[in-house]
Amino acid sequence: MAERRKTIQLDAIRTAVLEAGRPLSIAEILEESTKSVPSISLRTVYRVIRKLEEEEEITAVTLPSQPDRYESSKAAAKHHHHFHCTKCDRLFDVDGCPGRLKQLIPDGFVLKEHDLTLRGLCASCA
Ligand SMILES: [Zn+2]
Ligand SMILES: [Zn+2]
């Protein structure tokens, strides 16, 4: 019975992250997963998220001075960027990339990777 309960909780948390369509914070994952399984606690969310991260099913999205968000590793594998709404604090995926960043760096430097986070107001907050 305890195992069954654990599985139900894990499934609800996994589904919350994989089907959100944008990276979710721990608080958002808790909110979303308790809609289907109200007994889920914050501690359970942390435990399951750590497990899903170890199993490489989900990937952390880190932002400076922000709590981590989580997205599916499948989404993370496709190069994309994020938009952070500074009002509701939600993070959204942005398709595409400005590219041509090589032009910004000094001669002789080698660009290996980049992070880019756009900030502003989402459609519901604007
Ligand atoms: Zn917003
Ligand atoms: Zn890019």
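In listed order, ligands and their atoms are each counted from 1.
Counted by atom type alone, His81 and Asp95 present zero donor-acceptor pairs between their side chains at under 3.5 Å.
The backbone N or O of Leu91 lies less than 3.5 Å from a partner atom in the side chain of Arg22, making a donor-acceptor pair. A donor-acceptor distance shorter than 3.5 angstrom exists from the side chain of Ser73 to the backbone of Glu56, with no hydrogens or angles considered.
For the pair SG of Cys85 and SG of Cys125, the angle at the Zn ion (ligand 1) is about 110°; rounding is to 10 degrees.
Residues Leu18 and Ile58 form a side-chain contact, since some pair of their non-hydrogen atoms from C-beta on lies under 4.5 Å apart. For the pair Lys51/Leu10, a side-chain contact is recorded, criterion being any heavy-atom separation below 4.5 Å from C-beta on. Residues Asp93 and Glu71 meet the side-chain proximity criterion, which asks for heavy atoms closer than 4.5 Å.
Near the Zn ion (ligand 2), less than 2.8 Å away, sit the protein N, O or S atoms His79 NE2, His81 NE2, Cys97 SG, His114 NE2.
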